[in-house]
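In what follows, a structure is listed as structure tokens, so that the remarks can point back to it.
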2 protein chains.
Amino acid sequence: MGRPRMFDEVKVLDAAAGEFRVRGFAGTSTEQVCEAAGVRRSSLYNTFVSKDELYVRALERYVEVTGARQAAILTDQGVRGAERLRRLVDVVVAEEHDAAARGHAAGCMVVHGFMDPGLRERDERVARLLDRDLRERRALVGEAIRAGQLDGSISPGVDPDDGALLVSTVISGLRITAQAGTDPETLRRIALAGLHALLG
Amino acid sequence: MGRPRMFDEVKVLDAAAGEFRVRGFAGTSTEQVCEAAGVRRSSLYNTFVSKDELYVRALERYVEVTGARQAAILTDQGVRGAERLRRLVDVVVAEEHDAAARGHAAGCMVVHGFMDPGLRERDERVARLLDRDLRERRALVGEAIRAGQLDGSISPGVDPDDGALLVSTVISGLRITAQAGTDPETLRRIALAGLHALLG
DNA sequence: GGCTTTCTGTGATTGAGAATCCAAAATGAG
DNA sequence: CTCATTTTGGATTCTCAATCACAGAAAGCC
């Protein structure tokens, strides 16, 4: 029934996300994506219509994968609330560390997406994806904070919604600070200091 | 002695910075800069050689202006250390607020610069400018923290260098969170929560 | 094995934007 | 007023990313 794909569609999306997260949409050429994915441009366009469509698909995938990973950490019932937040930070720091070892910064599609108003205006779906991701992320962190307040690891004085916003702000800031060549231990120390209001 | 300039070179740089800070280098066309500055393209190129050169000049100017404003706040001897940091946050929040009123997010050339590794690789001067700015900014915040520890407004337990890194991380994160449509009061509350380790 | 279908790869075409060029206009000096 | 000099507006060229079209190749079906 026709010649089968020589490449794995999802692998290409991951490769594309790997490029977009570093340089953003405007800063990444389709040639770079092809290079990273080991696919010819015509195959890329044949499968994914356009650069915009590819970006949307890659963003969907990126949000889904990172969201799932973070959800697993934040809802881990075997761990106290405060520790879940620490593990979240550790994951982000480790990501940056791994990327730095490969020479480039990790970047983040969500950060780039938010920093590019033109992109959100041009494609409604991008705006929706980013907003939904942000909401879900905050909801998950908020739940972890509530859990922490119940198990006594997080001070009951803080509003979980504010706390969630703080966590997402600190992590975004971390992405920027990481690019300036800050070492992982320092990065982790700073992040935990930023969450001092929550973690004491 | 020839026809004089019809435009103010510095005003054009400010207008260019105003565009670059929102969409970054790759996301901004010279046409947009011309539009914003009210200058024709030939005038732009006649005066600033190329887009790259224009960007470097705009970044220099941007870094100089924002640096001076922040320095004034952070070294204000009439104000206690902790209060200086709060004022710094207020300035950033106000910037985002003003921009939001005009429909677009404030953005930040420094954040965009750090999030664009390709740019730093291509032009050594951009990398140097960003690094220098970051160092100076941290040094200033560090000084304010030391001052705060002397006047008793900031807990003596924190390392000023770490504190400075935290402040710059939180402010960067703030820039991102602001784009998601967070209102100014919330933004301010979150930022102060992030600096809880410093400000108590 | 021939046929159909769908993929792949090469190369052409389009299009956006950066860079350049040129003639006209403006201005101050003499 | 006239000249020398520089700016300006518009047209043009150039470059490279993005897209498209077609020929060849690979797999399943009969």
Side-chain angles (χ1 to χ4, degrees), chain A residues 1-13 15-59 109 112 116-119 121-123 125-126, chain B residues 1-59 109 112-113 116-119 121-123 125-126:
Chain A
M1 217 200 152
R3 178 175 173 174
R5 285 257 157 78
M6 296 298 289
F7 59 86
D8 180 348
E9 198 165 314
V10 174
K11 282 219 175 76
V12 172
L13 286 178
E19 297 297 305
F20 285 135
R21 68 180 294 171
V22 176
R23 295 174 224 287
F25 179 82
T28 305
S29 73
T30 55
E31 182 56 39
Q32 288 174 300
V33 174
C34 292
E35 179 108 7
V39 169
R40 300 291 173 191
R41 254 214 297 303
S42 51
S43 304
L44 202 70
Y45 275 94
N46 188 32
T47 312
F48 303 102
V49 184
S50 73
K51 190 187 180 186
D52 287 282
E53 293 297 316
L54 172 65
Y55 183 83
V56 172
R57 295 279 313 274
L59 181 58
M109 280 194 83
H112 271 293
D116 188 341
L119 200 58
E121 283 162 23
R122 208 172 57 239
D123 197 322
R125 290 169 299 172
V126 172
Chain B
M1 214 201 152
R3 177 177 173 174
R5 285 255 157 80
M6 296 300 289
F7 59 87
D8 181 347
E9 198 164 313
V10 174
K11 283 220 175 76
V12 172
L13 287 178
D14 285 335
E19 295 298 304
F20 284 135
R21 68 180 293 171
V22 176
R23 294 173 224 289
F25 179 81
T28 306
S29 74
T30 54
E31 182 56 38
Q32 288 175 300
V33 174
C34 291
E35 179 108 9
V39 168
R40 299 292 172 189
R41 249 212 300 302
S42 49
S43 304
L44 202 70
Y45 275 93
N46 188 29
T47 311
F48 304 101
V49 183
S50 71
K51 190 187 181 187
D52 287 277
E53 293 298 316
L54 172 64
Y55 183 83
V56 171
R57 295 279 313 274
L59 181 58
M109 280 195 84
H112 271 293
D116 188 341
L119 201 59
E121 282 162 23
R122 209 172 56 239
D123 197 322
R125 290 170 299 173
V126 173

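Per chain, numbering begins at 1; letters A, B, ... match sequence-line order. All values below were derived from every heavy atom in this structure, side-chain atoms included, with hydrogens, water molecules and symmetry-related copies excluded. On a predicted model such as this, the values are computed, not experimentally measured, just so you know.
- Classified by interplanar angle (parallel below 30°, tilted 30° to 60°, perpendicular above 60°), the ring pair Y55(A)/F25(A) is perpendicular.
- In this structure, E35(A) places its CD atom 16 Å from C1' of dG9(C), rounding to the nearest Å.
- With hydrogens and angles ignored, no donor-acceptor pair closer than 3.5 Å exists between the side chain of S29(B) and the base of dG17(C).
- dC22(D) atom P lies 19 Å from atom OH of Y45(A), rounded to whole Å.
- With respect to R41(A) and E35(A), no salt bridge is recorded, no charged nitrogen being found less than 4.0 Å from a carboxylate O.
- Nearest nucleotide to the F7(B) side chain, out of dT8(C), dT8(D), dA18(C): dT8(D).
- The side chain of S43(A) lies closest to dG9(C), out of dA19(C), dG9(C), dT8(D).
- Whole-Å rounding puts the R40(A) CZ to dT19(D) P distance at 19 Å.
- Side-chain atoms of N46(B) lie closest to dT8(D) of the nucleotides dT19(D), dT8(C), dT8(D).
- Following rounding to the nearest Å, R41(B) (CZ) and dG17(C) (C1') show an atom-to-atom distance of 8 Å.
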Is there a salt bridge (Lys or Arg N to Asp or Glu O under 4.0 Å) between R125(A) and E53(A)? Walk through the geometry before answering.
CA-CA 10 Å; R125(A) 290 169 299 172; E53(A) 293 297 316; 2.8 Å; yes
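- One interatomic measurement links the two molecules: CG of L44(A) to P of dC20(D), which rounds to 13 Å at whole-angstrom precision.
- For the OP1/OP2 pair of dA18(D) and a distance below 4.0 Å, the side-chain nitrogens and oxygens of T30(A) include at least one atom meeting the criterion.
- Among the protein residues, F48(B) comes within range of no part of the nucleic acid, since none of its heavy atoms lies under 4.0 Å from any strand.
- With hydrogens and angles ignored, the 3.5 Å screen pairs a side-chain donor or acceptor of H112(A) with a backbone N or O of V22(A).
- S50(A) comes within 4.0 angstrom of the backbone, heavy atoms only, and of no base.
- The separation between D52(B) atom CG and dA19(C) atom C1' is 12 Å, rounded to whole Å.
- Panel note: side chain K51(A), backbone T28(A); a donor-acceptor pair is recorded below 3.5 Å.
- Remark: P of dA17(D) and CZ of R23(A) are 13 Å apart, rounded to the nearest angstrom.
- Of the candidates dT10(C), dT8(C), dA19(C), dT10(C) carries the atom nearest the S42(A) side chain, counting heavy atoms from C-beta on.
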